[in-house]
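Written out below as structure tokens is the structure these notes cover.
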Amino acid sequence: MPMSSQSKPSDGIRSDPRTAAVLLVRMAEVGDGLAAKPVDLEHRFRFMSSVAVAVRQSDGIVAHCSDDGIIGCFEGASAADEAHAAAIVVLDTVADQRTAHADFPPAAIALDYGAVHFLRYAEGLPPDPQGPTVERGRHLLLTVPAGAALATTAFRDELRSRDDWRGVRKVPIAGLEGERLYQLKGYGETFKWRPTIRVEAGRYDELRDRLDDYEYRIGRKDAQIARLEELMREITGDDD
């Protein structure tokens, strides 16, 4: 069921709490770390368009767009099933694009279900989804393998059929501690827990300097050890 609009305009920011299924999609990097390639502008547009179409075709709304992904929200008795259907369409569509274009970005998807606060900043703008359900989804999305979809227990429990999902081990993701996760069968690599470490931009040079210092000290220790071994051989006359 499509989501309803607010009935009364407001001059300020207004919160509209609802229960919804949340679909978060991001463009996974092509390559790892510094080897990751920037996404071609045409591919980026096609990726975002494909996700938006999939969300709308499943009776959801595109509630938020960023430079690398989209958040779709679904309401009603079939909200989770509609989000599930949209996720499959996104993964299949992106897989087809990657068959035709090797540098097309893979998709990563996270799904959750619960309370969402929709903030409307001004009339004519789409509602901005906020709250713990969205935050849980954002944290989960950072751990999703390329080409895969992960869901929370809260989302899976809302599905009419749960056969397409298999359980994965519990991991310490913010907001999801102790909750079992589920991966959509047949898509992407098997989920493996890789903690995400965020470093503030201003600390990169500091950390680089510390690493250089440690490498210098290790190099000096290695040279000292080699010199001591040479002296021992001279003292003992042992050439071995």
Side-chain angles (χ1 to χ4, degrees), residues 1-7 14-28 44-97 105-142 144 147-162 164-165 175 181-184 187-188:
M1 169 184 305
M3 304 185 77
S4 59
S5 60
Q6 293 182 346
S7 57
R14 182 177 177 182
S15 175
D16 184 10
R18 310 178 197 174
T19 300
V22 180
L23 167 77
L24 300 96
V25 185
R26 69 175 174 87
M27 288 183 285
R44 184 185 296 275
F45 175 77
R46 189 171 298 161
F47 181 98
M48 303 291 274
S49 297
S50 297
V51 176
V53 168
V55 169
R56 295 189 184 109
Q57 286 181 342
S58 291
D59 289 334
I61 65 165
V62 176
H64 181 81
C65 290
S66 63
D67 60 348
D68 66 347
I70 281 178
I71 299 177
C73 294
F74 304 78
E75 271 191 307
S78 302
D81 292 291
E82 291 165 353
H84 168 96
I88 291 178
V89 170
V90 170
L91 291 174
D92 287 343
T93 301
V94 170
D96 289 342
Q97 290 290 342
I109 295 177
L111 300 118
D112 197 7
Y113 183 89
V116 178
H117 292 263
F118 292 92
L119 305 183
R120 189 177 293 279
Y121 303 105
E123 290 303 312
L125 294 179
D128 183 25
Q130 298 290 336
T133 302
V134 176
E135 287 306 307
R136 282 158 43 105
R138 285 186 171 124
H139 289 301
L140 178 59
L141 187 60
L142 294 174
V144 180
L150 291 180
T152 64
T153 296
F155 178 87
R156 178 181 173 274
D157 287 349
E158 291 296 318
L159 294 169
R160 289 194 179 95
S161 174
R162 304 166 186 172
D164 291 341
W165 298 84
L181 303 176
Y182 293 85
Q183 181 170 3
L184 186 61
Y187 290 90

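Source: prediction; values computed, not measured.
Taking CD of Glu82 as the reference point, atom CD of Glu75 lies at 10.0 Å (rounded to 0.5 Å). A distance of 8.5 Å separates CG in Leu140 from CG in Leu24, rounded to the nearest 0.5 Å. The CD1 atom of Ile70 lies 9.0 Å from the OG atom of Ser50; values are rounded to the nearest 0.5 Å. Put simply, CE on Met27 and CZ on Phe47 are 6.0 Å apart, with the number rounded to the nearest 0.5 Å. Atom CZ of residue Phe155 and atom CG of residue Leu150 lie 12.0 Å apart, to the nearest 0.5 angstrom. Note that CZ of Arg136 and CG of Asp112 are 4.0 Å apart. Values are rounded to the nearest 0.5 Å.
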> Does the pair Arg138 and Leu142 meet the rule for a side-chain contact (heavy atoms from CB on, under 4.5 Å), with working shown?
Replying inline: CA-CA 7 Å; Arg138 285 186 171 124; Leu142 294 174; over 6 Å; no
> Going through the checks in order, is the side-chain contact (heavy atoms from CB on, under 4.5 Å) test met by His84 and Asp164?
Replying inline: CA-CA 10 Å; His84 168 96; Asp164 291 341; 3.5 Å; yes
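In this structure Glu158 satisfies the side chain to side chain donor-acceptor pair (under 3.5 Å) test with no other residue, sequence neighbours excluded. Remark: Asp81 pairs with Arg160 by the salt bridge (Lys or Arg N to Asp or Glu O under 4.0 Å) rule, at least two apart or across chains.
His117 places none of its side-chain heavy atoms less than 4.5 Å from the side chain of Thr133. Inter-residue side-chain proximity for Ile88 and Leu184 is flagged as met; some heavy-atom pair is nearer than 4.5 Å. For the pair Leu159/Tyr182, no side-chain contact is recorded, criterion being any heavy-atom separation below 4.5 Å from C-beta on.
The minimum heavy-atom distance between Ala149 and Trp165, with the atom names listed, is O-CZ3, 3.7 Å. Ala54 approaches Val90 most closely through the heavy-atom pair CB-CG2, 3.7 Å.
Of the candidates Val94, Val144, Leu91, Ile109 forms a side-chain contact (heavy atoms from CB on, under 4.5 Å) with just one, namely Leu91.
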